[in-house]
**Student:** 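Provided herewith is a single structure, encoded as structure tokens, for subsequent inquiry.
Note that ligands are numbered from 1 as they come in the structure, with each ligand's atoms numbered from 1 the same way.
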Amino acid sequence: MDIKFCGAAQTVTGSCFLLKLTSGQQILIDCGLYQGGDHNFKNFNEEWNFDPKQIDALILTHAHIDHSGRIPKLVKDGFKGNIYCTNATRNLCRIMLADSAYIQEREAEQENRKRHPEQEKVQPLYTVKDAEKAMLQFVGLGYERWFELFEDCSFRFQDAGHILGSASVAMQIKENGKIKKIGFTGDIGRPDRPLLKDSVPIPAVDYLVCESTYGDKLHYTTREDQKELLSIIQKVCIKGQGKLIIPAFSIGRTQEIVYLLNELEMKDQLPKIPIYVDSPLAINATNIYLMHPECFDQETHDILEVDPNPLGFKGLKYTRNVEESKAINNHKGPAIIISASGMMTAGRIRHHVYNKIEDPKNAFLIVGFCAPGTLGRILSDGAKEIKIMGETKKVNAQILQMNSFSAHGDQKEMIDFLKLQDKSALKEIFLVHGEIERQEVFARALRKDGFQKVSIPSLNENVRV
Ligand SMILES: [Zn+2]
């Protein structure tokens, strides 16, 4: 059979891998949107490097848009097969793909308004209707259960501990009387994070397609973050009487922060100030989290015995509509505001930046990866002035950063995730979903650890296994 690396090759986004079996069947693993500015990936989102009509099935590791974001287009362009994922991933995709479609429709509309009437109109990649239609092909499966996809091809999901519903994929394919085992790690989460279960190490395989986002890094220890967060709240909101604004991804990061705040509230350590989650997508995602206690870790189940909602507490307000969101700006005195998007490129966070960046009492706490060129990166790089909503604003507010919130394992944590691999039997590891410099460092670390053959495929490379 062949593996074709159709995306996330020497870059972090656009995950997409094609398995072409000798029997003729074609299986896609992930179908993500490319989200960067590299010219090698120009038109990546618009054009396919395979024929969607020829794909028999799609296996989806998790709901993040860089893994799922082109599914409505795949369906629109002729893919008729089932989309297999965990039950939680299916539910998250329902809101995330609709949100992604809405953003694309709005962006196309804005672009068309700028264009001359005689110029050709821009079309969105897909519409909210396309996203709804694609959902009809989703099939939710449980973790740790083998599923027979075709007669000689089965797979199962293991918890990847990355976001709600995230999974790695182990496949068994019989060809010419021999069983070949192939693994796809998806995105590998960090151990000992709040709320969700830790990842389950991927079972031993013959070939492994492995992520490498932080292949060159060692993160901070994870459980110091609650203490650090509390000391920031005390400094900014109590001592300084300012507002603490936390830009956070709607899915994953927001729920983790709320969970930590809820724990502080249960211990009676949280100052009595208003806390807002100002993102409709985060509110919808939080509801989906609460529908999937099977993904929670033991600590969260223990908390559920005494607190039926670990993602809500007195003083926490979820603001859904625009009026409620605007009302936050009229609030005088200290408050904590968690809002999307995490990189501050879009969404309600931009209104909070516009209104609060010039007041030295306030602070912005950056808790996630911000890509070069985004407002989040510009601020964390120490800009003194920024342009926002057509105006220039002075950056007088403090810009703070916490790095322990990453949803991706570091080098050591990823090598731990591979601990069930039989190094003499594993024929090859293909590194994907990482910048090339980081992948090279990770490849060296893996070789040093005893993995014999580690390669870094390029975009559209086809490998026979
Ligand atoms: Zn992810």
**Student:** Check for me whether Lys73 meets the cation-pi criterion with Tyr126, that is, NZ or CZ under 6.0 Å from the six-membered ring centre and within 45 degrees of the ring axis.
**Tutor:** no
**Student:** Regarding Asp56 and Lys80, does a basic nitrogen lie under 4.0 Å from an acidic carboxylate oxygen?
**Tutor:** no
**Student:** Look at the rings of Phe5 and Phe430 and say which category their plane angle falls in: under 30° parallel, 30 to 60° tilted, over 60° perpendicular.
**Tutor:** tilted
**Student:** I'd like to know if the Zn ion (ligand 1) has an N/O/S atom from His162 within less than 2.8 Å of it, counting both backbone and side-chain atoms.
**Tutor:** yes
**Student:** Strictly below 4.0 Å, N to O, side chains only: are Asp297 and Lys197 in salt-bridge contact?
**Tutor:** no
**Student:** So which N/O/S atom does His64 have closest to the Zn ion (ligand 1)?
**Tutor:** ND1
**Student:** Distance check below 2.8 Å: does His408 bring an N, O or S atom to the Zn ion (ligand 1)?
**Tutor:** no
**Student:** Among the N/O/S atoms of Asp187, which is closest to the Zn ion (ligand 1)? Give the atom name.
**Tutor:** OD2
**Student:** Tell me, which N, O or S atom in His62 is closest to the Zn ion (ligand 1)?
**Tutor:** NE2
**Student:** Kindly state whether the ring of His67 and the ring of His433 have centres lying under 6.0 angstrom apart.
**Tutor:** yes
